[in-house]
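First comes the structure, then the notes that go with it.
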Amino acid sequence: MSNSIKQHGSIIAIVGCVLMACTQSNKVFTPGELWPDNKGVHINAHGGGVLYHSNRYYWFGEHKIEGKAGNKAYVGVHCYSSGDLYNWHDEGIALSVVDDTTSLLVKECIIERPKVIYNAKNKQFVMWFHHELKGMGYKAAMTGVAVSDKVTGPYTYLKSVNPNKEYWPVNFADSLKRKTVDMDTIKQWSAAWQKEVVDGAWLRRDKEKGQMARDMTLFVDDDGKAYHIHSSEENATLHITQLADDYLSFTGYFARALEGKMNEAPAVFKRGDKYYMITSGCTGWKPNAARSAVADHPFGPWTELGNPCRGTDEEVKTTFHSQSTYVLPVKGKEDAFIYMGDRWTPENAIDGRYIWLPIEFEHDKPVISWFDEWRLKELPGQF
Ligand code: DGJ
């Protein structure tokens with residue numbers, strides 16, 4: 001084959017790829033199906049969240065690899081961008097794990113549920129994520145933070161912490177601060193034991209070293225105040241903390257929410273002047289029934305609204321076989337929110353699917369129903 005024919009062939013191949021990328025045109029959401037990015041590869045951004053910035057959506061999530069081991073961080077946090085929410089462009093790895101064994105961000109640690117927010121004051125993008133240390137299972141229960149001047153990264157890892165060391169939540173009674181109880185003497189999961197958990201047994205235990213932080217999300221209010229919301233106290237109780245003005249640290253100004261109710265996978269959003277939360281129970285990678293709650297302030301008090309899912313028993317009991325990760329407000333549309341959930345596949349982590357469904361409201365309660373496929377503009381009264 002002559003050189004010119006070979007060159008011609010590769011030019012055609014390149015033009016073909018470029019055309020494919022330009023003409024990538026998903027026009028519909030198909031929850032649970034493979035979701036190809038601009039390169040035709042299933043999106044790899046699990047436990048993710050979305051930031052809207054300069055007219056574009058950025059989806060950040062856990063980059064998983066094949067097999068069971070794939071739930072550990074061998075790569076880092078993956079970023080994709082989109083103008084229309086259907087078609088996603090691979091922006092590469094925003095935060096990379098490292099080979100340096102002296103770094104907490106060493107390969108094979110666990111990075112889950114990364115979320116990115118924009119700090120207008122410092123013109124910086126701030127990423128927080130649930131961070132477990134290599135070889136320690138889920139014991140460390142930390143939250144990590146990384147920062148970048150560019151939305152797609154690379155993000156510079158700053159630190160991981162057990163937050164709110166030495167602080168009491170604003171809604172914790174003084175009498176309980178002084179309480180002493182030996183939890184080993186009470187039968188685990190008995191009513192008395194659970195009462196002690198609600199009364200802050202784990203909160204008091206962890207006050208000196210910092211609180212546990214597992215499943216997490218971020219929420220930025222209209223006034224620019226940012227909140228870090230995470231499962232704490234052995235996953236029994238949610239902690240909601242106002243971050244510092246630069247969003248890079250905890251202030252110690254925090255509240256407990258849904259005490260003793262065992263919530264994971266929090267996703268917080270605002271509709272009108274009400275704050276909503278969708279969460280799950282705690283069943284590892286297996287799906288369970290979603291929960292929802294409403295409040296007048298991020299610190300609560302939060303009123304439970306029950307399971308937002310509508311459908312068959314199986315769908316309602318398993319949240320359409322998914323677990324919440326984020327609620328995405330659609331820009332330019334009033335009251336338009338998308339439930340983002342993960343359908344985990346722990347045996348082959350990379351194959352996890354995304355369950356995106358519209359959130360509707362009935363009497364100010366969020367409701368989620370199944371659609372095999374749906375479009376933003378199709379849903380009456382909302383999109
Ligand atoms: C449920 C959590 O929501 C996930 O993020 C992950 O931590 C799994 N548990 C691990 O079992």
Side-chain angles (χ1 to χ4, degrees), residues 47 49 112-115 117 126-132 138-145 159-174 176-177 179 183 194-221 225-244 247-270 275-282 291-304 324-327:
E112 288 180 354
R113 302 181 175 275
K115 304 288 176 302
I117 52 181
V126 179
M127 178 191 293
W128 285 89
F129 53 92
H130 171 194
H131 191 195
E132 297 290 350
Y138 280 83
K139 236 180 159 169
M142 296 177 120
T143 182
V145 60
K159 63 185 171 189
S160 295
V161 293
N162 287 121
N164 295 325
K165 189 172 146 122
E166 297 296 357
Y167 286 93
W168 290 116
V170 290
N171 56 353
F172 193 59
D174 281 344
L176 294 177
K177 293 176 188 166
K179 196 166 179 186
M183 290 297 273
Q194 291 192 47
K195 164 104 175 44
E196 293 304 340
V197 170
V198 171
D199 283 354
W202 309 137
L203 179 84
R204 286 190 297 271
R205 179 197 65 189
D206 292 339
K207 181 171 172 266
E208 264 169 48
K209 76 167 184 46
Q211 299 294 331
M212 298 177 84
R214 289 207 182 112
D215 281 12
M216 56 76 60
T217 194
L218 300 176
F219 171 75
V220 182
D221 209 343
K225 288 191 175 104
Y227 297 85
H228 185 293
I229 300 109
H230 63 265
S231 305
S232 192
E233 304 181 33
E234 307 288 353
N235 289 353
T237 295
L238 290 167
H239 287 184
I240 302 171
T241 308
Q242 193 179 307
L243 291 173
Y247 301 169
L248 296 175
S249 62
F250 279 67
T251 51
Y253 182 42
F254 78 116
R256 297 172 89 212
L258 304 172
E259 291 91 329
K261 295 277 168 76
M262 307 291 307
N263 282 286
E264 279 192 329
V268 173
F269 62 105
K270 190 176 186 181
Y275 300 83
Y276 288 90
M277 188 184 318
I278 293 189
T279 63
S280 75
C282 303
R291 299 124 179 239
S292 62
V294 65
D296 291 328
H297 184 278
F299 275 5
W302 288 87
T303 305
E304 289 171 278
S324 46
T325 183
Y326 196 70
V327 170

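Predicted model only: the values in this text are computed from it and were never measured.
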Check: Side chains of T251 and T241: does their closest heavy-atom pair fall under 4.5 Å?
Finding: yes

Check: Can you name the nearest heavy-atom pair linking W302 to Y275, along with the distance?
Finding: CZ3-O, 3.4 Å

Item checked: Results of salt bridge (charged side-chain N to carboxylate O under 4.0 Å, His left out) for R113 - residues two or more places apart only -> D215

Check: What distance separates S232 OG from W202 CH2, expressed to the nearest 0.5 Å?
Finding: 12.0 Å

Next item on the list: Evaluate the side-chain proximity of V268 to Y276: yes if any heavy-atom separation is below 4.5 Å, no if none is.
Entry: no

Checklist line | Atom NZ of K209 with >12 non-hydrogen neighbours under 6.0 angstrom | finding: yes

Margin query: Does any part of the side chain of L258, heavy atoms only, come nearer than 4.5 Å to the side chain of T237, both counted from C-beta?
Written below: no

Notebook entry, point to check: Is there side-chain contact between L238 and S231, with at least one heavy-atom pair below 4.5 Å?
Noted result: yes

Note to self: If I take atom CE from residue M212 and atom CG from residue L203, how far apart are they, to the nearest 0.5 angstrom?
What the structure shows: 12.0 Å

Notebook entry, point to check: Which residues pass the salt bridge (charged side-chain N to carboxylate O under 4.0 Å, His left out) test with E208, sequence neighbours left out?
Noted result: none

Next item on the list: Compute whether any side-chain donor of one residue and acceptor of the other, for S280 and N263, lie under 3.5 angstrom apart.
Entry: no

Check: Between E132 and R214, is the closest basic N to carboxylate O distance under 4.0 Å?
Finding: yes

Margin query: Using every non-hydrogen atom in the two residues, find where N235 and C282 come nearest and quote the distance to one decimal.
Written below: CB-SG, 4.0 Å

Item checked: Inter-residue atom distance F269.CZ - T217.OG1, 0.5 Å rounding -> 11.5 Å

Notebook entry, point to check: Do I240 and F219 come close enough that some side-chain heavy atom pair is under 4.5 Å?
Noted result: no

Check: Which heavy atom of K115 sits nearest a heavy atom of G47, and at what distance?
Finding: NZ-O, 3.2 Å

Note to self: I'd like to check F172 versus K177 (side-chain heavy atoms, cut-off strictly below 4.5 Å). Are they in contact?
What the structure shows: yes

Margin query: Are the side chains of M216 and H239 in contact, using a 4.5 Å heavy-atom criterion?
Written below: no

Checklist line | Where N162 and A141 come nearest, the two heavy atoms and their spacing | finding: ND2-O, 2.8 Å

Next item on the list: Please name the pair of heavy atoms, one in S249 and one in W128, separated by the smallest distance, quoted to 0.1 Å.
Entry: N-CZ2, 3.9 Å

Note to self: Quick test of your reading of the model: are R256 and E233 salt-bridged, counting only N-O distances below 4.0 Å?
What the structure shows: yes

Notebook entry, point to check: So how far is it from Q211 CD to M142 CE, rounded to the nearest 0.5 Å?
Noted result: 13.0 Å

Checklist line | Qualifying salt bridge (charged side-chain N to carboxylate O under 4.0 Å, His left out) pairs, either residue in residues 160-173, two or more places apart | finding: E166-K207

Check: If we only count heavy atoms from C-beta on, is the V145 to V126 side-chain gap below 4.5 Å?
Finding: yes

Next item on the list: State which residue, out of W168, Y167, Y227, F299, fulfils the ring pair (Phe, Tyr, Trp, His ring centres under 6.0 Å) condition with Y253.
Entry: F299

Margin query: Going by the rule salt bridge (charged side-chain N to carboxylate O under 4.0 Å, His left out), which residues pair with E196 if we only count those two or more places apart in sequence or in a different chain?
Written below: K179

Note to self: Test of understanding: with side-chain hydrogen bond (donor to acceptor under 3.5 Å, both in side chains), list the residues that count as partners of T143, not counting sequence neighbours.
What the structure shows: H228

Next item on the list: Give the minimum heavy-atom separation between A226 and I117, together with the two atoms involved.
Entry: CB-CD1, 3.8 Å

Notebook entry, point to check: For the atom pair CZ (F254) and CG (N164), what is the distance rounded to the nearest 0.5 Å?
Noted result: 4.5 Å

Margin query: As an exercise, state the distance from CE of M183 to CD of E234, rounded to the nearest 0.5 Å.
Written below: 9.5 Å

Checklist line | salt bridge (charged side-chain N to carboxylate O under 4.0 Å, His left out) against E264, all qualifying residues, sequence neighbours excluded | finding: none

